[in-house]
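Protein chains get the first letters and strands the later ones, always in sequence-line order, with residue 1 at the start of each.
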Amino acid sequence: MKLDSIDELTRTHYSSDITAELDSKKVTLLGWVQEIRDLGGIRFIILQDRTGTIQVTIPKKKVSAEILTKSDLIQKRYSISIKGIVKETKMSPRGVEVIPKEIRILGTAAAQLPIDITGKTPANIESRLDARSLDLCLEQNVAIFTIQHHALEAIRNVLFKKGFLEVHTPRIIASATEGGAELFAVDYFGKKAFLAQSPQLYKEQLVMSLEKVFEVGPFFRAEESHTRRHLSEFVSVDIEQAFSDARGVMSLLEQVIRQVCYDVNRNCKKELDILNHSLKVPSVPFKSVTYDQVLIDLKKEGSEIEWGEDLSTEALRVLAKIYPEFYFITEWPTISKAFYIKPCKTIPEKCEGFDLMWKWIELVSGGSRIASKKLLIERLKQKELSPKSFEHHLKAFEYGMPPHAGWAIGLERLTMLLTGKQNIREVTLYPRDRTRLTP
RNA sequence: GCCUUGGUAGUAUAGUACGGCCUAGUAUAAGCGGCUGUCGCCCGCUAGACCCGGGUUCGAAUCCCGGCCAAGGCGCCA
């Protein structure tokens, strides 16, 4: 098919801008054909763009032959332009429709699409991800990523206002550092390198110079996790702050989370509605419980965990029934946390690390960091990590490392709670998991 | 990595307990035709599928074995 030119074509309105006030006005719309309903003498084309849909109505006997011929060619998912007149009418879904004066076909699409884009026959997650570029056209998916955008905007706004600088640390690193998660190995000009699992060490070093930093970016974990809340590549929102401790960054975190919920509620009413999800703005401070208290609570519920152990998924599900949606777990056993988390002064078996839970999912983890090189080396050894492979990082602790603290939010997990989605892959544009590497 | 469940047209499902009325049903999508107010439009027609390999049997979508793939749970991890 010969396509029409986009020359001298400027969108005047998005579909959501078309309201009754524009009655009789001329508009230029750009978008995709979501649906065609042809009743014989009248044809309805549902035009979709990022903001929603608008009905284009073609009364066949009243429009020009040119319009009619053009609209005969149109199929689902074609990208088209419509120049036309807005008409207020009670008979259309939104009380307005557009009567076209010019139609251009700007792009075509296959007749048989791999998934149903109108949602009449919903596809399962596998089919959807296989056809992800098309799947993302569904208004629910546009809503999810619009919400994620606003959430991130809210996070950035709070952090900028508090004087944080946005930074970018390396994704390619020399050695398997933090311990814990498995890393992906890459070939770096013949040397063995790894994809970073977190910006932890770099952001700590940066507090010596930039004082308050944050980073938003992807990180990689080569864990063979098979759950609804894990990805091999995920986006982390990391902050690190000089001259602060866990208490300080927890308070900042509360403000961030509260602002995110507030802004998403205010700016994404339509999106939340599309997702049929309601979002409460949590009150601060959040409920905070110690690890010791958690063990007592679990015991009452018949679930016993030995002190020092991490909390099992089963245990977290039990806790979700006891505590509100957002709650902190503090004073973890030092042994259960990463080497850089600062032990408590009085009881070194406990540490100043914390997790922010949302129901049974760990949303954020953070804490006060160790600023003493000597102590850090001790902790590395306890964790059976070699101080030698942390040589460069340890050097920084000779150059004036201030007391500092920080945290990291899992952006996809945050998006899950904001959108009410149960599977992290639904809130990831192109998820990477144990088995999926494409698209 | 372990466990459970599953794999039927483009998509989503019925059928599998107990092999044979399955020449595999239905919805939706697709193609063709009809219809002037649809909004999950409607009506008619057309075409479209049993994951792969082996086995049992007169006969396998259905039972058995192996493989591959997926979903969910656990573990790991955040």
Margin query: Under a 4.0 Å threshold between the charged nitrogen and the carboxylate oxygen, would A:K120 count as salt-bridged to A:E35?
Written below: yes

Next item on the list: Report which part of the nucleic acid A:D135 touches: base, sugar-phosphate, or nothing (heavy-atom distance under 4.0 Å, all strands).
Entry: nothing

Notebook entry, point to check: Under the 3.5 angstrom rule, does the side chain of A:E215 hit a backbone N or O of A:T169 as a donor-acceptor pair?
Noted result: yes

Next item on the list: Quickly work out the A:D38 CG to B:rG40 P distance and round it to whole Å.
Entry: 17 Å

Check: Does B:rC42 pair with anything, Watson-Crick or G-U wobble, both distances under 3.5 Å, and if so, with which nucleotide?
Finding: B:rG34

Item checked: Whole-Å gap separating P (B:rG37) and CD (A:E35) -> 17 Å

Check: Per the atom types in the model, does the base of B:rC76 pair as donor or acceptor with the side chain of A:S225 at under 3.5 Å?
Finding: yes

Check: Considering Watson-Crick and G-U wobble pairs with both distances under 3.5 Å, what does B:rU5 pair with?
Finding: B:rA70

Notebook entry, point to check: Does the pair A:K337/A:D310 count as a salt bridge with the N-to-O cut at 4.0 Å?
Noted result: no

Item checked: Heavy-atom protein contacts under 4.0 Å, nucleotides 7-13 of chain B, coded B base, S sugar-phosphate only, - none -> ---BBS-

Note to self: Looking at every non-hydrogen atom in both residues, tell me the closest pair between A:G40 and A:K60 and how far apart they are.
What the structure shows: O-NZ, 2.8 Å

Note to self: Counting distance alone, no hydrogens or angles: does the base of B:rG75 have a donor or acceptor under 3.5 Å from a partner atom on the side chain of A:H226?
What the structure shows: no

Check: Reckon A:R94 touches a base, only the sugar-phosphate, or nothing at all at heavy-atom distances under 4.0 Å?
Finding: nothing

Margin query: Counting the atoms with a prime plus P, OP1 and OP2 as sugar-phosphate, which does A:F219 contact under 4.0 Å by heavy atoms, base, sugar-phosphate, or nothing?
Written below: nothing

Check: Would you say the side-chain atoms of A:D23 pair up with the backbone N or O of A:E88, donor to acceptor, closer than 3.5 Å?
Finding: yes

Note to self: Categorize A:K76 for me: base, sugar-phosphate, or nothing, with a 4.0 angstrom heavy-atom threshold over every strand shown.
What the structure shows: sugar-phosphate

Item checked: Of A:A111 and A:K90, the one whose closest RNA chain B nucleotide lies more 5' -> A:A111

Margin query: Expressed as a whole number of angstroms, how long is the span from A:E314:CD to B:rG75:C1'?
Written below: 13 Å

Note to self: Side-chain N or O of A:S92 versus OP1/OP2 of B:rG37: is the shortest distance under 4.0 Å?
What the structure shows: no

Check: How would you label the contact of A:Q75 with the nucleic acid (heavy atoms, under 4.0 Å): base, sugar-phosphate, or nothing?
Finding: sugar-phosphate

Next item on the list: Measure the distance from CD on A:E182 to C1' on B:rG1 and round it to the nearest whole Å.
Entry: 12 Å

Note to self: Looking at every non-hydrogen atom in both residues, tell me the closest pair between A:I341 and A:R369 and how far apart they are.
What the structure shows: CD1-NH1, 3.6 Å

Item checked: Base partner of B:rA61, which must satisfy Watson-Crick or wobble distances under 3.5 Å -> none

Note to self: At less than 4.0 Å, is any side-chain N or O atom of A:K120 found next to OP1 or OP2 of B:rA29? Yes or no.
What the structure shows: yes

Notebook entry, point to check: When you measure from the centre of the six-membered ring of A:Y14, is the NZ or CZ of A:R11 under 6.0 Å away and within 45° of the axis?
Noted result: yes

Next item on the list: Give the rounded distance in Å between these two atoms: CZ of A:R221 and P of B:rC76.
Entry: 15 Å

Next item on the list: Look at all strands and tell whether A:T118 reaches a base, only sugar-phosphate, or nothing, counting heavy atoms closer than 4.0 Å.
Entry: nothing

Next item on the list: Return the nucleotide paired to B:rA12: Watson-Crick means purine N1 to pyrimidine N3 with N6-O4 or O6-N4, wobble means G-U with N1-O2 and O6-N3, both under 3.5 Å.
Entry: B:rU26

Note to self: Does A:R228 reach a base, just sugar-phosphate, or nothing at all? Heavy atoms under 4.0 Å.
What the structure shows: sugar-phosphate

Margin query: Suppose we call a contact any N or O donor and acceptor under 3.5 Å apart; does that hold for the side chain of A:Q422 and the base of B:rG72?
Written below: no

Margin query: Assuming nearest nucleotide by heavy-atom distance, tell me which of A:L311 and A:R434 is located more 5' along RNA chain B.
Written below: A:R434

Next item on the list: Could you please name the partner base of B:rU56, counting Watson-Crick and G-U wobble pairs only when both distances are under 3.5 Å?
Entry: none

Next item on the list: Would you indicate what A:T227 reaches in the nucleic acid, counting non-hydrogen atoms under 4.0 angstrom: base, sugar-phosphate, or nothing?
Entry: base

Check: With both distances kept under 3.5 Å, what pairs with B:rA49, Watson-Crick or G-U wobble?
Finding: none

Note to self: Using whole Å, what does the distance between atom C1' of nucleotide B:rG72 and atom CZ of A:R229 come to?
What the structure shows: 12 Å

Check: Starting at CD of A:E309 and ending at C1' of B:rC77, how long is that distance when rounded to a whole Å?
Finding: 15 Å

Next item on the list: Classify the glycosidic conformation of B:rA24 as syn or anti, calling it syn when the angle lies within 90° of 0.
Entry: anti

Next item on the list: May I ask you to decide if the ring planes of A:W307 and A:Y291 are parallel, tilted or perpendicular, using 30° and 60° as cut-offs?
Entry: perpendicular

Notebook entry, point to check: Which heavy atom in A:I370 sits nearest to a heavy atom in A:K342, and how many Å separate them?
Noted result: CG1-CA, 3.6 Å

